[in-house]
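First listed ligand is number 1; within each ligand, the first listed atom is number 1.
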Amino acid sequence: MTEAPTIRLSDYQPFTHRIEQVELTFRLHPTATKVMARMTLEPNPARPGPQDLRLDGEKLRLLSLRIDGKGAIFHQDGTGLTVPASALPAGRFTLETEVEIAPEGNTALEGLYMSNGMYCTQCEAEGFRKITFYPDRPDVMAPFRVRIESDLPVLLSNGNPAGRGEAWAEWDDPWPKPSYLFALVAGDLIAHPDRFTTVSGRDVELNIWVRKGDEGKCAYAMEALKRSMAWDERTYGREYDLDIFNIVAVDDFNMGAMENKGLNIFNSKYVLALPETATDDDFARIESIIAHEYFHNWTGNRITCRDWFQLCLKEGLTVFRDQQFSADMRSGPVKRIEDVLTLRARQFREDNGPLAHAVRPDHYVEINNFYTATVYEKGAEVIGMLKRLVGEAGYKAALDLYFDRHDGEAATIEDWLKVFEDATGRDLAQFKRWYTEAGTPRLSVTEHWQDGTYRLTFRQTNPPTPGEPLKRPKVIPIAIGLLNPNGAEVLPTTVLEMTEAEQSFVFKDMATKPIPSILRGFSAPVILEREVSPEERAFLLAHDTDPFNKWEAGRALAKDVMARMVTEGAQPGPDWLDALARVAQDESLDPAFRALALRLPGEDDMAQTLHDAGVTPDPDRIHAARRRMGEALARHLASALPRLIESMAEPGPFTPEARAAGRRALRLVLLGLQSRLDDGARAAAAFRTADNMTEQVGALACLLENRRGEAELQAFESQWRHDRLVMDKWFSLQILCAEPARAAEVTDRLTRHPDFDWKNPNRFRSVIGALSGNHAGFHKSDGSAYRLVADWLMRLDPLNPQTAARMSTAFETWGRYDADRQALIRVELERIMQAPDLSRDLAEMAGRMLGVTD
Ligand code: B3K
Ligand code: ZN
């Protein structure tokens, strides 16, 4: 294999030409699709002088190339073709090409491919070059006109419909767009239709296209879409800009969904939902992904990224917007806690290991490897901090300016920060470090109290990350509140702005030494290092007025308990048990909040926390401690459990809305505790009588976690054998709940199940991905799980490098563990590096994890 080149931000140059118009014709055929492209180009004044024309193109069979209707000289190689400047007309010219491609054989699911007899595309980031020769980069924007020729009944592309005949359809997208937003779908599909009238009175046709038989499962996604459209008008003043908005659900898809202009393509997992088949978490995810892709219409499509280094410009902002939307649709505090849980589980894990990179990285080998928690989730946190620093009005003014100034452009992070500077007068030079430096800052705090004056001193340290030994202090917005010992708030939430490595803040004229509530709402993505007594944590859990910090206090208390159990063999003490018992029974608290507070910290989270504190995590001990904690809590609550479970029963028909989902969540956490004490009868009954998937699968998990549920597992399989998405749950649950010593064995057995279709990314993730989700099972000391995962990654990689590379992050935490486990993982990563035909994607990931690729 020839070494893949590293692409660097510092090498950016505008494209040599501009494209005025693109016309594409597709003559669809599974093994020989013809793509005719005709485009009008002219020299780009930003690149003066005669310039060669370079077009990207991979795995294309070129049939013809003409310039202004005549043959022309060009050189073709493995990644594209070049027309020398000498062969190009001086001003504007047309370029016509014809290529042949084979969508049926496209297992990478990038470019034009087939899924269950349907044609579909995925172009972001660089899939368009597998469809035709083109400058496949986001700063080349052009209006597209598309003609599709096929006998299939439904033929879709971007923009507005422009003509339909027997076996053909034409689409016209007036909004200039980069090639990564191109999409085409052709298949025997059926629509769930609806309409939406925009604020200015534009009547928009809406459709969700699915396979026949699935049309009854689209109502929730459609409602979520209409709510998203109305919310973006209300909150950001953004209106939809075409006559039609189509969504298509596809079974074989590498990620969640894709925001192609006017034609979003979705993993069917994030569209199809009925109460019987989808859990409350599925409903919430559908709502947020539908919103996310829709919101991209402005943040991503109308204003796109100049180059892929700027990916967070669209992704961080769009995640931030979808988080705001979900917070508005549901409970804000609960949403914030869930978002922080995800951030810590995925982004902190990434930021504190070999794959750490800046929110705006400055180099990559394969861009698909940078659709990460750092770009997305930390990218959103950085915007949250900006908003906190400039306030609601400042944020609004900056966003209005952003849309005004950059509509129709391909922008950069510099442009983004400049609108905040111009709208608010603030200097953001130091703040920009959040975009350019990787790693999670550590924030330590000391208190000083004397004669009514209280002083808080913060110190930030920014530990080195791969390739970045030295870091500079960040701007950290620290939201704090102060409580007096009676539990009354004496200082409501105030944002302290930290800019130095060490900084003190003084509060005068205080009657008593206050109890601080620090980093309210998780106001910055940092690790707070502060020794706090169990009493103080319990006090904040009981009295903090900030819901995030109230939850955080309980969480920290639980982690302290678990850490002491792991390192000293301690037992869970009364502080924690009593505090949690109070939360469980506090009817003034939202059930969803109580469910989150009662859920024990996950094992991977605990491993990271121990590692951060300088302790080598032992996965078996963590697993054992977590189980003992659950048992202790169950025993402590034993007498209250039956009544509490009963009180959370939902009368009336199922509704996926947040209030009812919160009650189900609490009921299931409590049922999980109860199942540690009884013979499983209650969970078995809940399984039998469940009329929705949340409770059915939740009850099944309660049984499996206690080594029961064989009969229910079989019943579930016979009931749902025909439903791919539900069967994904059946596969993953057995592995996630398996006794760690047997997790690899269970996984191996399931890979032999006739329905283990490993080429389907959802199924692959629900089996191989589930094994790495069983923390102690994955880290079994004999290395069998590491080997199994590596074997499957190497098997998948030649067919679908993107998914293989993504899933290799199972190994990113290897540096946390003991020398024996590290050696075992190293063997697997090295074995991957030696694999014949290793993809650029997986090579970069394994190389970075081993520290041999920068
Ligand atoms: N923009 C797409 C992700 C594309 C991933 C390419 N490997 C979905 C999203 O973030 O909305
Ligand atoms: Zn996105």
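With hydrogens and angles left out, the side-chain atoms of Asp328 and Trp231 include a donor and acceptor closer than 3.5 Å.
Judged by a 6.0 Å distance limit and a 45° cone about the ring axis, Arg346 is not positioned over the six-membered ring of Tyr376. A cation-pi contact, defined as under 6.0 Å to the ring centre and within 45° of the axis, is absent between Arg137 and Phe15.
For Asn160, the side-chain hydrogen bond (donor to acceptor under 3.5 Å, both in side chains) test picks out no residue, with sequence neighbours left out. Applying the ring-ring contact (aromatic ring centres under 6.0 Å, His included) criterion to Phe245, with sequence neighbours excluded, gives Tyr240, Tyr294.
Taking the centre of each ring, Phe420 and Tyr402 stay at or above the 6.0 Å mark.
Within the 4.0 Å heavy-atom criterion, neither part of Glu110 lies near ligand 1.
Within 6.0 Å of NZ in Lys226 there are more than 12 heavy atoms belonging to other residues, nucleotides or ligands.
Looking at Gln122, Glu124, His292, Glu366 and measuring to atom 2 (C) of ligand 1, the nearest heavy atom belongs to Glu124. Nearest residue to atom 7 (N) of ligand 1 from Asn254, Thr803, Asn368 is Asn368 (criterion: closest heavy atom).
Nearest protein heavy-atom neighbour of atom 10 (O) of ligand 1: Tyr376 OH, 2.5 Å. The protein atom (non-hydrogen) at minimum distance from atom 8 (C) of ligand 1 is Ala257 O, 2.9 Å.
Nearest N, O or S atom of His296 to the Zn ion (ligand 2): atom NE2.
The contact set between ligand 1 and Lys314, taken as ligand atoms under 4.0 Å from a residue heavy atom, comprises 1 (N). Each of the atoms 1 (N), 2 (C) of ligand 1 lies under 4.0 Å from some heavy atom of Met258. Under a 4.0 Å criterion applied to the non-hydrogen atoms of His296, ligand 1 contributes the atoms 9 (C), 10 (O), 11 (O). The Glu259 neighbourhood of ligand 1 comprises atoms 1 (N), 2 (C), 8 (C), 9 (C), 11 (O), with distances under 4.0 Å to a heavy atom of that residue.
Remark: distances from the non-hydrogen atoms of Gln802 to ligand 1 include one below 4.0 Å.
Using a 4.0 Å cut-off between charged nitrogen and carboxylate oxygen, Lys432 and Glu414 count as a salt-bridge pair.
Taking the Zn ion (ligand 2) as the apex, the angle formed with NE2 of His292 and OE1 of Glu315 is 110°, to the nearest 10 degrees.
Glu293 lies apart from the Zn ion (ligand 2) in this respect, since none of its N, O or S atoms is found at a distance under 2.8 Å.
Taking the six-membered ring for Trp and thresholds of 30 and 60 degrees, Tyr371 and Trp308 have ring planes inclined between 30 and 60 degrees apart.
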